[in-house]
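These numbers come from the heavy atoms of this one structure, side chains and all, not from hydrogens, waters or symmetry mates.
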Amino acid sequence: MHWSDVMAQRLAERGNDHIIATGITPSGEFHIGHLREILTGDMIARAARKAGLNATLVFVVDNADPLRKVYPFLSQAYESMVGHQLGAIPAPDENGEPDWDRFHTEGWTYGDHFLKPFLAALAQIGVRPTLLPNLEAYRSGKFADAAKKACDEPEVIREIIERISGRELPDQWFPWQPLDSQGSLDGLTVTGYEFPTVHWTDRHGVSGSSDISKGEGKLPWRLDWPAKWGFNNITCEPFGKDHGAAGGSYDTGKEIARFFGHEPPVPLTYEWISLKGQGAMSSSAGNTIGPIEALELVPPEILRFLIADTKPSKAIDFDAGMGLVNLADDFERWASRDLEAELADESLSRRQRVQLEDAMAALALASPDETNQASSTSVSFRHLALLAQIKTDDEQVWTSLAKSHNLSQPTDELNDRLRRMRTWIASPHFPEEMKVNIRSHPDTGALAALSPEQKGVLGPLHDALRACSWTTDSITAALKEAAERAEVGMRDVYRASYAVFMGAERGPRLAPILATCDQDAMLDLVNACLEA
RNA sequence: GGGCCUGUAGCUCAGUCAGGUAGAGCGUCGGACUUUUAAUCCGAUGGUCGCGGGUUCGAACCCCGUCGGGCCCGCCA
């Protein structure tokens with residue numbers, strides 16, 4: 001059974017109505033790792049609906065979290081805002097300077113700045129979660145009940161965290177982080193409490209008090225999370241493996257949730273996505289691929305397929321080079337099969353059956369449109385990559401596909417694919433081995449590998465090409481003519497031609513590529529090969 | 001120290017929850033196709049399931065141990 005269906009089954013045991021939560025802190029650029037969080041949630045929600053349950057996907061925006069430090073993309077002006085809540089400070093402009101103007105006139109915050117493009121990427125990929133901004137939840141008092149329970153009995157919370165996480169909390173620890181006189185969550189000492197007020201002294205020596213029912217501060221993460229489960233009625237939540245460890249925040253959260261008076265959600269721990277050959281993604285190391293960037297290269301259904309087809313417990317090594325080609329072709333292969341018919345075969349072994357069933361589920365989840373199965377475009381990624389390189393004009397691509405694949409009209413899907421393909425080809429991720437490279441000098445190694453008959457083609461080839469009018473058809477005819485004159489088969493002509501023009505044994509169909517090259521340059525190349 | 005995830009064919013992985021002949025795709029090799037858009041079709045190749053014990057008629061799967069990789073036990077999500 002597919003992992004999403006296993007989750008749906010678990011949810012069904014618990015009830016009929018479900019809210020599946022995801023949550024991210026908008027502290028910087030989002031990356032494809034964050035996409036796994038959201039897509040995992042989305043796929044659970046879809047599987048639950050498929051199983052007949054009511055399921056909603058929500059996205060908790062953790063904009064009540066503080067700015068941790070001045071990140072490399074921020075100016076020093078942010079120094080004074082470290083410790084301040086992400087939903088309460090201005091967004092950086094293109095120079096990393098705080099944009100106070102937009103902050104004051106539009107209320108445009110740091111959190112909004114990073115969230116907006118991510119949401120746009122999500123919409124493209126077919127995910128439209130209900131947003132739950134956390135800071136707003138605090139300000140409207142949604143945390144009040146949980147905060148009261150925690151502050152009334154801090155020793156209970158302390159005991160849970162110390163016992164389960166195995167670490168000792170400082171003596172002055174208190175289950176509420178107030179905002180200080182400057183708006184920071186850092187460096188305060190709580191000096192007293194009587195509901196709803198927490199009294200404090202900050203690092204500037206100022207004393208004051210916070211109303212916990214008005215969001216003048218926040219719960220520490222380990223309480224914040226279970227509190228949200230309660231008032232949002234969360235029944236399921238996927239989270240990164242960091243939260244999932246024994247003694248981690250889910251472990252303490254489970255017990256704290258029950259103390260608050262509700263059952264914790266059904267968990268699902270997922271592994272990280274790293275970039276091929278570069279280790280874990282890290283914004284500071286600059287080795288990220290943003291979800292927006294990824295979607296400029298990868299069709300949405302293929303990105304979804306990657307997540308759907310990989311069990312959450314498996315780490316993903318994302319490769320925007322050859323790995324992407326293989327992934328896409330893998331997707332196409334599955335999509336073009338009639339799995340339903342294959343499953344009807346009674347002689348399948350249990351393993352084969354499981355494999356087909358899982359692939360079918362993954363394929364369904366890959367479609368950005370929940371109501372429509374992703375379909376095969378019947379044009380392989382490889383092939384499109386080739387056409388996009390050879391044909392500069394989209395129309396020429398469609399003309400070619402009309403001939404080779406019987407495509408009367410390019411679908412929207414194919415139009416999208418071609419657009420992304422062109423972006424990919426222009427990007428540094430496009431793999432060298434996929435590039436169509438016409439040689440400027442003879443490749444002596446490739447020439448040496450030719451048989452005497454094949455070498456004998458070069459002279460006639462030169463003559464035939466010189467005489468031709470340099471169109472695709474005339475070049476094809478010239479190749480044939482070379483075969484006749486040299487008295488060899490076409491196979492030898494192609495072997496020789498690929499050695500000359502591409503330094504390879506085989507390659508994509510030559511004539512259309514040569515037609516886009518300069519005739520004299522190609523003739524010189526053949527000549528140079530004759531002399532080599 | 002405590003714990004989680006992970007290790008199966010050259011590569012990516014499925015199969016482990018419910019023990020029953022070791023699986024898929026890619027790659028590689030061979031054949032077919034007398035113009036080949038890295039094509040397509042057919043066939044073949046390929047694994048002491050990290051290692052060592054145990055339970056069992058039978059273990060990739062369950063138990064114990066061990067080794068390698070990743071991660072957590074921070075007011076970090």
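We find that A:E332 and A:R382 are not joined by a salt bridge, their nearest charged nitrogen and carboxylate oxygen being 4.0 Å or further apart. Ion pairing between a basic and an acidic side chain is recognised when a charged N comes within 4.0 Å of a carboxylate O; A:R333 and A:D329 show no such pairing. Between A:D65 and A:K218, at least one side-chain N (NZ, or NE/NH1/NH2) sits under 4.0 Å from a carboxylate O, which counts as a salt bridge. Between A:E484 and A:K480 there is no salt bridge, since none of the side-chain N atoms of the basic residue sits less than 4.0 Å from a carboxylate O of the acidic one. Under the 4.0 Å criterion applied to side-chain N and carboxylate O atoms, A:R163 and A:E255 are assigned as salt-bridge partners. By the 4.0 Å N-to-carboxylate-O rule, A:D251 lies too far from A:R222 to be salt-bridged with it.
Comparing B:rU35, B:rA38, B:rA77 by their closest approach to the side chain of A:D242 singles out B:rA77. Comparing B:rA24, B:rC26, B:rA77 against the side chain of A:Q355 picks out B:rA24 as the nearest. Closest to the side chain of A:R382, from the set B:rG25, B:rC75, B:rA38, is B:rA38. Closest to the A:K480 side chain, of the nucleotides B:rG15, B:rA77, B:rU35, is B:rU35. Ranking B:rU35, B:rC71, B:rG15 by closeness to the A:V354 side chain, first place goes to B:rG15. In the set B:rC75, B:rA38, B:rA77, B:rA38 carries the atom at the smallest distance from any side-chain atom of A:P508.
If you take CG of A:L384 and P of B:rA38, they are 12 Å apart, rounded to a whole angstrom. Across the protein-nucleic acid pair, A:D251 atom CG and B:rC72 atom P stand 16 Å apart, rounded to whole Å. One interatomic measurement links the two molecules: CD of A:E168 to P of B:rC75, which rounds to 13 Å at whole-angstrom precision. Whole-Å rounding puts the A:L185 CG to B:rA77 P distance at 11 Å. Whole-Å rounding puts the A:L510 CG to B:rU36 P distance at 13 Å. In this structure, CG of A:D329 is placed 16 Å from C1' of B:rA24, rounded to the nearest angstrom. To the nearest angstrom, C1' of B:rA77 lies 10 Å from NZ of A:K218. If you measure from atom CG of A:D317 to atom P of B:rG70, you get 13 Å, rounded to the nearest angstrom.
B:rU40: Watson-Crick or G-U partner is B:rA32, with both key distances under 3.5 Å. Pairing for B:rG1 goes to B:rC73, judged as Watson-Crick or G-U wobble with the two contacts each under 3.5 Å.
With P as the reference atom, B:rC61 and B:rC71 are 27 Å apart, rounded to whole Å. With C1' as the reference atom, B:rA44 and B:rC26 are 16 Å apart, rounded to whole Å. Taking atom C1' in both B:rU45 and B:rG25, the straight-line distance is 16 Å, to the nearest Å. Using P as the reference atom, B:rC4 and B:rC64 are 11 Å apart when rounded to the nearest Å. B:rG53 and B:rG10 have their P atoms separated by 24 Å, with the value rounded to a whole Å. Spacing of P atoms, B:rA38 relative to B:rG27, comes out at 12 Å, to the nearest Å. Look at the P atom in both B:rG1 and B:rU12: the space between them is 30 Å, to the nearest Å. Atom P of B:rU21 sits at a distance of 33 Å from the matching atom of B:rC67, rounded to the whole Å.
Contact check for A:F30 versus A:L35: no side-chain heavy atoms found under the 4.5 Å cut-off.
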Heteroatom pairs (N/O) under 3.5 angstrom, protein to nucleotides 2-10 of chain B:
{"unit_1": "B:rC5", "atom_1": "O2'", "unit_2": "A:S313", "atom_2": "O", "d": "3.1"}
{"unit_1": "B:rU6", "atom_1": "OP1", "unit_2": "A:S313", "atom_2": "OG", "d": "3.4"}
{"unit_1": "B:rU6", "atom_1": "O3'", "unit_2": "A:K314", "atom_2": "NZ", "d": "3.4"}
{"unit_1": "B:rG7", "atom_1": "OP1", "unit_2": "A:K314", "atom_2": "NZ", "d": "3.0"}

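Using a 4.0 Å heavy-atom criterion, one finds that A:K391 contacts no nucleic acid atom at all. Here A:D65 lies in heavy-atom contact (under 4.0 Å) with sugar-phosphate atoms only. A:S27 comes within 4.0 angstrom of nothing in the nucleic acid, heavy atoms only.
Place A:P512 and A:D358 on RNA chain B by their nearest nucleotides, and A:D358 ends up nearer the 5' end. Of the two residues contacting RNA chain B, namely A:D330 and A:Y494, the nearest-nucleotide position lying further toward the 5' end is that of A:D330.
Here the side chain of A:S184 pairs no donor or acceptor atom with the backbone of A:D180 at under 3.5 angstrom. With hydrogens and angles disregarded, a donor-acceptor distance shorter than 3.5 Å links the side chain of A:R304 to the backbone of A:L365.
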